[in-house]
Amino acid sequence: MERTLVEDLKGRLNSEVLVKGWVERIRELSSVTFLIIRDRTGRVQVAADPRLCADLKISTESVVEIYGRVNPEPRSKTGYEVVAEQINVLSLAGSLPINVNGPDLNVPLELVLDNRVLSLRHARINPIFRIQAALVHAFQVFLNGEGFVQVFSPKIVASGTEGGTELFALQYFEEKAYLCQSPQFYKQMLVGAGYERVYEVGHVYRAEKHATSRHLNEYVSLDLEMGFIQSEHDVMDLENRLFAFMFSYVNENCQKELVTLGVKVPTVPEIPKIPFADALQLLEKECAKRIEDQDLDPEGERLLSKYVRETTGSEFVFVTDYPWEKRPMYTMPKGSGLTCSFDLLFRGLEITTGGQRIHTHDLLAANIRRKGLDPQAFASYVQNFSLGMPPHGGLAIGLERLTAQLLGLSNVREASLFPRDRHRLTP
């Protein structure tokens, strides 16, 4: 008999079915044993004669297959149940280190991550990654519709993207190599190769020795690059429409998961833009927050986002025109020591960095030298800018940060299936 998924049982009333899944709960009465069976589509109540279960020693989270009949049952939450005729145990679960069948886990995050495969079965954790998958799919669908080409760049590289030291080194045969900290160089080169508009969904690696609730050492980056732009505002305007599409897509396609998590997806408005210098003045005047550095700190991001939300209703804000000292070597400079760059804050956290890039060879080489670096160290990248490169720009979105902010998670590691951070290399 072919398997019937839980979500399809309603259409099989009074029919014989084969159901397969995990045993979520067991309730034993004198005349009947109730099992709650969970598969990837939902849960169903199974009523069984106690004699069917007597010799099976079924435990919660065991994997079973049940042959039975779908009968109407008004007392069930679904209005029906499966009356078991035969139960086979496919895999018996032993002693469980954590209970994943309560309303909340109520255990430390480290214990959740130590037992990741088990914890992913929990009703409030499993939906996180279905929503995350929908965000990625929406990102792809939107950009495909805008004439972008999906690309896949190398993750083993000869040098860092920004000339920094935050690199994981590895031995590549007789040479020293690194794990890629960004596909930035490749995105730009592919714009110059004639694709004009490219995007990538891929892992990136940052050897930063932090251990915070907002950082990972390996994360998924949603990158895009687009040619023939007039300014960085073209990139921001595209991202505004991109997020409107992504959030609408999740709202339409993940209602069950959103209800389970108690999450309401915000409407994406025309996102306000605030120059960095104005943001500093605003923070000092309205929030009594003085920032001496040439970048926003976490508290500054939160306070600025709170002010924007209270005054405009937007949960997003673009911060533009960052100082040259705080932007990478490929960022297009503008007058007064500023750059054609931006960050996007969402609910008090930076989820995007982007801007217009330098597209001429001499300016790029000069900017690299001005940063104290040697253009020859990036020769395979820089030489392409003497072959004809259109004005271009792009951005990168941290997928786990975006997911965590949308769902109200307190730690970005909760939005990573198998996180890699300062202290975790397994599972």
Side-chain angles (χ1 to χ4, degrees), residues 5-6 19-28 34-44 46 56-66 88-136 168 203 205-206 208-220 254 256-263 398-427:
L5 293 171
V6 167
V19 176
K20 299 183 182 183
W22 288 261
V23 179
E24 187 165 280
R25 287 197 300 277
I26 304 170
R27 185 160 65 100
E28 297 177 326
F34 290 108
L35 308 174
I36 302 299
I37 304 300
R38 179 187 71 241
D39 69 12
R40 69 178 190 268
T41 66
R43 294 161 177 78
V44 66
V46 174
L56 297 179
K57 298 181 180 179
I58 301 174
S59 57
T60 56
E61 293 309 308
S62 294
V63 179
V64 299
E65 62 177 14
I66 298 173
N88 298 324
V89 177
L90 302 179
S91 177
L92 194 64
S95 177
L96 302 178
I98 56 176
N99 175 22
V100 294
N101 293 320
D104 295 295
L105 275 177
N106 293 322
V107 297
L109 179 58
E110 292 302 326
L111 191 56
V112 171
L113 298 177
D114 287 342
N115 298 278
R116 196 50 161 157
V117 171
L118 185 59
S119 67
L120 285 169
R121 299 178 189 177
H122 192 273
R124 293 187 61 81
I125 294 180
N126 189 275
I128 293 171
F129 298 97
R130 297 183 184 276
I131 293 170
Q132 189 174 83
L135 286 168
V136 173
F168 288 109
H203 286 83
Y205 305 87
R206 301 291 175 98
E208 299 167 338
K209 294 183 179 180
H210 44 47
T212 76
S213 62
R214 52 191 274 153
H215 290 99
L216 291 166
N217 294 103
E218 177 186 42
Y219 65 92
V220 178
C254 299
K256 182 171 69 173
E257 290 80 6
L258 293 169
V259 169
T260 296
L261 297 178
V263 170
L399 177 60
E400 290 86 354
R401 279 194 180 187
L402 172 60
T403 306
Q405 290 303 96
L406 176 61
L407 302 184
L409 306 178
S410 60
N411 194 306
V412 71
R413 294 185 295 168
E414 297 178 66
S416 174
L417 281 168
F418 299 99
R420 293 292 175 262
D421 56 38
R422 180 71 177 88
H423 305 292
R424 180 171 293 277
L425 196 56
T426 61

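Quick note: residue numbers are just sequence positions, from 1.
A donor-acceptor contact shorter than 3.5 Å is absent between the side chain of K57 and the backbone of L92. Not a single donor-acceptor pair under 3.5 Å links the side chain of T60 to the backbone N or O of R25. The main-chain N or O of L5 is never found under 3.5 Å from a side-chain atom of D39 such that the two would form a donor-acceptor pair.
Partners of E65 according to the salt bridge (charged side-chain N to carboxylate O under 4.0 Å, His left out) rule, which considers only residues two or more places apart in sequence or in another chain, are K20. Remark: H203 engages no residue in a ring pair (Phe, Tyr, Trp, His ring centres under 6.0 Å) (not counting sequence neighbours). Applying the side-chain hydrogen bond (donor to acceptor under 3.5 Å, both in side chains) criterion to Y205, with sequence neighbours excluded, gives E218.
Annotation: side chain of I37 is not in contact with side chain of R43 (no heavy-atom distance under 4.5 Å). A heavy-atom distance below 4.5 Å is not found between the side chains of I36 and V23. Counting heavy atoms from C-beta outward, N217 and F168 have side chains that approach closer than 4.5 Å. For the pair P419 and L113, the minimum side-chain heavy-atom distance is below 4.5 Å. Put simply, the side chain of R401 reaches to within 4.5 Å of the side chain of H215, judged on heavy atoms. For the pair D114/R424, a side-chain contact is recorded, criterion being any heavy-atom separation below 4.5 Å from C-beta on.
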Pair up each side-chain donor or acceptor in residues 95-108 with any protein partner under 3.5 Å, not counting sequence neighbours, and list the distances.
{"residue": "N99", "atom": "OD1", "partner": "N101", "partner atom": "N", "Å": "3.1"}
{"residue": "N101", "atom": "ND2", "partner": "E24", "partner atom": "O", "Å": "2.9"}
{"residue": "N101", "atom": "ND2", "partner": "E61", "partner atom": "OE2", "Å": "3.1"}

Indicate every side-chain donor-acceptor pair of residues 125-136 with a distance under 3.5 Å to a residue at least two apart or in another chain.
{"residue": "N126", "atom": "OD1", "partner": "R130", "partner atom": "NE", "Å": "2.9"}
{"residue": "N126", "atom": "ND2", "partner": "L120", "partner atom": "O", "Å": "3.1"}
{"residue": "R130", "atom": "NH2", "partner": "R40", "partner atom": "O", "Å": "3.3"}
{"residue": "Q132", "atom": "NE2", "partner": "T403", "partner atom": "OG1", "Å": "3.1"}
{"residue": "Q132", "atom": "NE2", "partner": "A415", "partner atom": "O", "Å": "2.8"}

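One finds the CG atom of L109 at 7.5 Å from the OG atom of S410 (value rounded to the nearest 0.5 Å). Taken from CZ in F418 to OG1 in T426, the straight-line distance is 11.0 Å, to the nearest 0.5 Å. The distance from the CG atom of L417 to the CD atom of E400 is 8.5 Å, given to the nearest 0.5 Å. Of the inter-residue distances, the one linking R124 atom CZ with S119 atom OG reads 14.0 Å to the nearest 0.5 angstrom.
Contacts classified as salt bridge (charged side-chain N to carboxylate O under 4.0 Å, His left out) and involving residues 405-415 (residues at least two apart or in different chains) are given here: E110-R413, R413-D421.
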Assess whether side-chain contact (heavy atoms from CB on, under 4.5 Å) is satisfied between L425 and R420, documenting all intermediate values. CA-CA 6 Å; L425 196 56; R420 293 292 175 262; 3.9 Å; yes
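A side-chain contact (heavy atoms from CB on, under 4.5 Å) with V46 is found for exactly one of V64, I66, V19, namely I66.
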